[in-house]
Amino acid sequence: MITVVDAGTGNLRSVQKALQFVAPGQDVLVSADVADIRGAERIVLPGQGAINTWMRALDDRSLAGAINHALDNLPVLGICLGLQALFAESEEGGGVQCLGRMAGRVRHFDAITHGAQSAHGGAHKIPHMGWNTVHQKQPHPVWDGIDDAERFYFVHSYFVESDNSQDVVGTTDYGETFTSAVARDNVFATQFHPEKSAEAGLTLLKNFCSWNP
Amino acid sequence: MTLAKRIIPCLDVDAGRVVKGVKFVDIIDAGDPVEAARRYNAQGADELTFLDITASSDERDTMVRVVEEVASEVFIPLTVGGGIREVGDVRRMLNAGADKVSINTAAVARPELVREACDQYGSQAIVVAVDAKRFGDGWQVYTHGGRTETGLDAVAWAKKMADYGAGEILLTSMDRDGTKDGFDLGLTRAVSDAVSIPVIASGGVGTLDHLADGVIEGHADAVLAASIFHFGQHTIAEAKTHMQSRGIEVRV
């Protein structure tokens with residue numbers, strides 16, 4: 001069973017449908033139930049919207065313990081806020097404490113794209129929305145069959161700044177270079193949305209579903 | 001390489017059927033939106049936009065089923081617009097599998113709706129559609145499919161919607177829509193340069209050069225077109241090759 005953790009924000013149907021598509025033999029559950037998180041073989045931690053709402057929802061639903069347990073023991077795929085939440089803190093909404101599993105912080109794009117010009121005039125738009133390239137910084141089983149510099153679909157206004165280069169498995173350029181994928185032990189997390197990234201995204205999800213760290 | 005400019009085919013759907021027709025070489029049912037979505041995905045479309053033009057409200061559930069079916073097998077961003085009146089309508093479409101919901105008339109009637117929808121679902125899920133017509137030195141916003149004048153200045157309105165939290169503007173020139181004369185580039189550039197969020201140019205595409213012009217001269221982040229793709233005049237792949245030849249970064 002794969003459990004997609006439901007913190008009550010954003011749209012998790014896309015994630016569920018994509019997982020069902022690549023792993024037709026497995027149960028894919030969208031749940032906010034501690035038992036479903038503890039009983040899963042794999043965890044997907046998606047999230048959209050504001051991280052303070054998302055972190056608060058984890059608290060309200062008493063999910064932090066079960067999620068930390070999963071992060072210690074199970075293959076976990078973080079997507080978008082699910083990547084940002086792994087870090088110590090986010091500057092969103094005046095400062096939010098996150099799960100603190102990885103060293104670094106979450107910052108707003110204004111910080112790096114300020115004044116930078118995009119290719120056809122005008123400033124870089126925020127949110128960073130659309131298909132951008134992901135440069136693979138380290139080999140990883142979840143990258144199997146995916147070309148270096150493949151394009152994935154992004155939509156976000158905040159990005160992570162990792163203090164530990166060993167955690168960084170993917171980077172992307174938007175004004176400057178930022179961390180678009182991290183991995184450590186049993187955890188892999190992406191800023192982009194594999195569930196919306198056509199063939200490349202489905203390959204990534206399929207790799208995750210058969211990954212045995 | 002950095003962020004690619006997006007090409008978005010738009011499908012008008014009436015009671016669960018694509019209207020204006022879609023002509024693919026070996027398509028079985030040209031009116032089936034799921035079939036059309038599948039083909040555009042295979043051609044490399046960056047996103048899909050469905051516009052529900054169903055007049056009767058009892059047919060609304062049909063669109064939900066279309067979105068559910070498309071989202072089960074096409075894994076690129078899906079935007080659904082048309083008939084979104086309240087936060088509950090947004091929720092219904094997102095739950096069906098849409099990634100973004102486009103709001104037009106209801107945003108003009110009650111701008112707070114945009115703020116509420118963004119607070120609930122995040123800016124990334126909310127697109128504000130702006131239908132504009134040239135008026136004096138500027139452009140005015142129209143609603144109800146271009147029939148109702150609002151007196152709002154299009155550029156000021158787009159900025160306001162960005163301030164209210166909209167994640168993106170879908171900008172249609174009512175003067176150019178259906179003409180095949182190309183985007184209203186002045187309008188596109190005025191709005192795109194005025195807001196910090198992405199702008200999708202729409203209305204008037206008749207040639208592949210029009211798509212490229214929208215990006216190069218209009219400063220659009222994405223270009224939307226219907227008929228040049230529907231009638232088999234061009235594929236998405238041809239459009240991308242052409243844009244690339246004019247120096248635009250695209251996803252191939």
Side-chain angles (χ1 to χ4, degrees), chain A residues 8-18 20-22 47-51 53-54 80-81 109-110 113 116 118-133 135 149-157 172-177 193-202 205, chain B residues 1-6 41-42 44-47 67-68 70-78 91 93-101 118-125 162 167-168 189 192-200 212 214-222 247-252:
Chain A
T9 67
N11 173 18
L12 310 181
R13 288 297 295 269
S14 298
V15 178
Q16 185 185 28
K17 285 178 185 229
Q20 282 166 338
F21 190 83
V22 299
Q48 289 181 328
I51 201 163
T53 313
W54 196 84
C80 198
L81 289 187
F109 261 122
D110 274 346
T113 55
S118 67
H120 302 285
H124 279 90
K125 297 299 184 75
I126 299 166
H128 170 227
M129 185 188 285
W131 298 78
N132 206 337
T133 51
H135 302 280
E150 180 60 83
R151 285 186 189 273
F152 289 89
Y153 186 79
F154 288 81
V155 51
H156 62 122
S157 302
T172 295
D173 297 327
Y174 192 59
E176 267 181 53
T177 301
H193 290 268
E195 77 279 12
K196 284 288 138 185
S197 296
E199 286 306 315
L202 294 176
L205 292 175
Chain B
M1 289 203 294
T2 181
L3 187 63
K5 300 295 177 183
R6 291 169 278 154
N41 180 45
D46 295 314
E47 294 188 27
V67 173
E68 275 175 355
V70 172
S72 302
E73 55 171 302
V74 173
F75 299 102
I76 57 175
L78 306 177
R91 183 187 312 121
M93 285 306 175
L94 294 180
N95 283 341
D99 300 285
K100 311 182 203 180
V101 171
C118 292
D119 283 348
Q120 189 70 42
Y121 298 106
S123 294
Q124 85 291 333
E168 199 169 34
R189 189 167 50 238
S192 191
D193 288 354
V195 296
S196 60
I197 58 176
V199 172
I200 305 167
V215 171
I216 295 168
E217 291 176 46
H219 296 175
D221 302 283
I248 298 168
E249 200 164 329
V250 291
R251 163 184 166 249
V252 285

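Naming: A, B, ... by sequence-line order, numbering from 1 per chain. All figures in this text were calculated on a predicted structure; none of them were measured in a lab.
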So what's closer than 4.5 Å to chain A heavy atoms on B/Ala96: side chain, backbone, both or neither?
-> backbone
Indicate the atoms forming the closest heavy-atom contact of B/Phe75 with A/Glu195, along with that distance.
-> CB-O, 3.6 Å
Is there a donor-acceptor pair closer than 3.5 Å between any side-chain N or O of A/Arg13 and the backbone N or O of B/Asn95?
-> yes
Side chain, backbone, both or neither: which part of B/Arg251 has a non-hydrogen atom closer than 4.5 Å to chain A?
-> both
By ring-ring contact (aromatic ring centres under 6.0 Å, His included), which residues pair with A/His128, not counting sequence neighbours?
-> A/Phe109, A/Phe154, A/His156, A/Tyr174, A/Phe178
Would you give the length of the straight line joining atom CD of B/Gln120 to atom OG1 of A/Thr53, rounded to the nearest 0.5 angstrom?
-> 9.0 Å
Exercise: identify the closest heavy-atom pair between B/Pro198 and A/Pro127 | CG-O, 3.8 Å
Side chain from CB out, backbone as N, CA, C, O: work out which of these in B/Glu217 comes under 4.5 Å of a heavy atom of chain A, or both, or neither.
-> neither
Partners meeting side-chain contact (heavy atoms from CB on, under 4.5 Å) with B/Ala45 (sequence neighbours left out) = B/Pro9, B/Tyr40, B/Leu48, B/Ile76, B/Ile236
Between B/Thr2 and A/Arg151, what is the shortest heavy-atom contact and its length?
-> O-NH1, 2.7 Å
Min side-chain heavy-atom separation A/Met129-B/Arg6 under 4.5 Å = yes
Answer with side chain, backbone, both or neither: which region of B/Ala125 has an atom nearer than 4.5 Å to a non-hydrogen atom of chain A?
-> neither
Most heavy-atom pairs under 4.5 Å with chain A, out of B/Gly218, B/Ser192, B/Cys118, belong to B/Ser192
Examine whether an atom of B/Ser72 lies under 4.5 Å from a heavy atom of chain A, and if so say whether it belongs to the side chain, the backbone or both; otherwise answer neither.
-> both
Is the number of heavy atoms from other residues, nucleotides or ligands within 6.0 Å of CD (B/Glu73) greater than 12?
-> yes
Proximity breakdown for B/Val250 and chain A, heavy-atom pairs closer than 4.5 Å | backbone
pair B/Leu3-A/His124: side-chain heavy atoms closer than 4.5 Å | no
Is the backbone N or O of B/Glu68 less than 3.5 Å from a side-chain atom of A/Lys17, with the two atoms forming a donor-acceptor pair by type?
-> yes
What closest approach, in Å, do A/Lys125 and B/Val195 show between heavy atoms, and which atom pair accounts for it?
-> CE-O, 3.4 Å
In terms of heavy-atom contacts, A/Trp131 and B/Pro77 come closest through CZ2-CD, 4.2 Å
Minimal non-hydrogen separation, A/Lys196 against B/Val74, with atom names = NZ-O, 4.3 Å
